[in-house]
Amino acid sequence: QVQLVESGGGLVQPGGTLRLSCETSRVTGRIDAGGWYRQAPGKQRELVATFRTGRPINYADSVKGRFAISRDKNIVYLQMNNLKPEDTAVYYCRADVFPGIINWGQGTQVTVSS
C-alpha cells in the first residue's frame, strides 16, 4: 500500500499551465502501475495518463502533446500545458502496489475558465 497526497490544482485561464503533484509515502510494496485520472461533475472517472512497469506511458488522446508525467524522488508530477475548459475536473493520482492493491489520492480541483 501507499499514501498519496495531491496538490497543485487551481483556477487558470484557457491556454494556461498547471503542475500537479502527488507525494507518495508509507509504501509497503513495489509500485507496478498507476498514473493520473480525472472526473468532471456528472461524468465517469477517466484515464489521463498511466504507466505500467516495462511499458510506455499511456496518454489519453485528448491530452497528448499537452500533458506529461514525470517523477522526482517520491513525487509524481503531471505537467499540464495549454489547458482547455474541457480539462476542468477533479484530478486523482493512482498507484497499484504489488500484489495489485489499488490506491487513490484525495483529488485536486482543476478549473479552466475565462
Side-chain angles (χ1 to χ4, degrees):
Q1 294 183 292
V2 58
Q3 179 176 331
L4 307 174
V5 179
E6 299 185 17
S7 62
L11 175 64
V12 64
Q13 294 186 1
T17 66
L18 286 173
R19 187 180 69 169
L20 306 183
S21 300
C22 181
E23 183 175 3
T24 66
S25 63
R26 300 169 65 181
V27 179
T28 61
R30 184 182 69 244
I31 298 177
D32 293 321
W36 291 89
Y37 295 73
R38 67 187 181 188
Q39 187 167 21
K43 298 186 180 296
Q44 294 183 319
R45 187 172 298 184
E46 65 179 358
L47 181 152
V48 176
T50 60
F51 65 88
R52 179 168 292 278
T53 299
R55 302 290 187 273
I57 302 297
N58 179 42
Y59 292 98
D61 288 342
S62 60
V63 307
K64 286 181 179 177
R66 300 190 297 121
F67 292 8
I69 292 178
S70 63
R71 196 198 79 165
D72 182 15
K73 298 181 180 179
N74 68 323
I75 303 175
V76 179
Y77 299 99
L78 181 66
Q79 180 67 42
M80 309 167 68
N81 301 321
N82 191 24
L83 283 160
K84 304 176 179 180
E86 307 92 271
D87 297 318
T88 296
V90 177
Y91 283 71
Y92 300 90
C93 62
R94 166 178 165 173
D96 298 354
V97 179
F98 182 88
I101 301 171
I102 300 173
N103 304 268
W104 292 97
Q106 83 284 2
T108 185
Q109 177 71 49
V110 172
T111 302
V112 185
S113 176
S114 298

Residues in side chain to side chain donor-acceptor pair (under 3.5 Å) contact with Arg66, at least two apart in sequence or another chain = Asp87

query = Does Gln79 have any side chain to side chain donor-acceptor pair (under 3.5 Å) partners at least two apart in sequence or in another chain, and if so, which?
reply = Asn81

key: Aromatic Tyr92 / basic Arg38 pairing, under 6.0 angstrom, 45° off normal   = no

query = Checking Arg30 against Phe98: charged group under 6.0 Å from the ring centre and within 45 degrees of the axis?
reply = yes

task = Please lay out, stage by stage, how Trp104 and Arg45 fare under the test side chain to side chain contact (heavy atoms under 4.5 Å, CB included).
result = CA-CA 12 Å; Trp104 292 97; Arg45 187 172 298 184; 3.2 Å; yes

Donor-acceptor check, side chain of [X] to backbone of [Y], threshold 3.5 angstrom: yes or no?
| X | Y | result |
| --- | --- | --- |
| Arg55 | Ile57 | no |
| Gln109 | Gly9 | no |
| Asp96 | Asp32 | no |
| Thr17 | Met80 | no |
| Tyr91 | Val48 | no |
| Asn103 | Ile101 | yes |

So, for [X] and [Y], which heavy atoms are closest and what is the spacing to 0.1 Å?
| X | Y | value |
| --- | --- | --- |
| Leu47 | Tyr37 | CA-CD2, 3.5 Å |
| Leu4 | Ala95 | CD1-N, 3.7 Å |
| Gly35 | Phe51 | N-CE2, 3.6 Å |

[atom2] on [Y] to [atom1] on [X], rounded to 0.5 Å:
| X | Y | atom1 | atom2 | value |
| --- | --- | --- | --- | --- |
| Thr50 | Ile69 | OG1 | CD1 | 7.0 Å |
| Cys22 | Gln106 | SG | CD | 8.0 Å |
| Asn74 | Gln3 | CG | CD | 11.0 Å |
| Cys93 | Leu20 | SG | CG | 9.0 Å |

key: Close side-chain approach of Pro85 to Ser113, heavy-atom, < 4.5 Å   = no

task = May I have the step-by-step check of side chain to side chain contact (heavy atoms under 4.5 Å, CB included) for Thr111 and Val12, ending in yes or no?
result = CA-CA 6 Å; Thr111 302; Val12 64; over 6 Å; no

Would [X] and [Y] show up in the same hydrophobic cluster when neighbours are defined by side-chain heavy atoms closer than 4.5 Å?
| X | Y | result |
| --- | --- | --- |
| Val5 | Val97 | no |
| Leu83 | Leu11 | no |
| Leu78 | Ile31 | yes |

task = Measure from the ring center of Trp36 to the ring center of Phe67 and say whether it is less than 6.0 Å.
result = no

key: Counterpart residues, ring-ring contact (aromatic ring centres under 6.0 Å, His included), relative to Tyr77 (two or more places apart)   = none

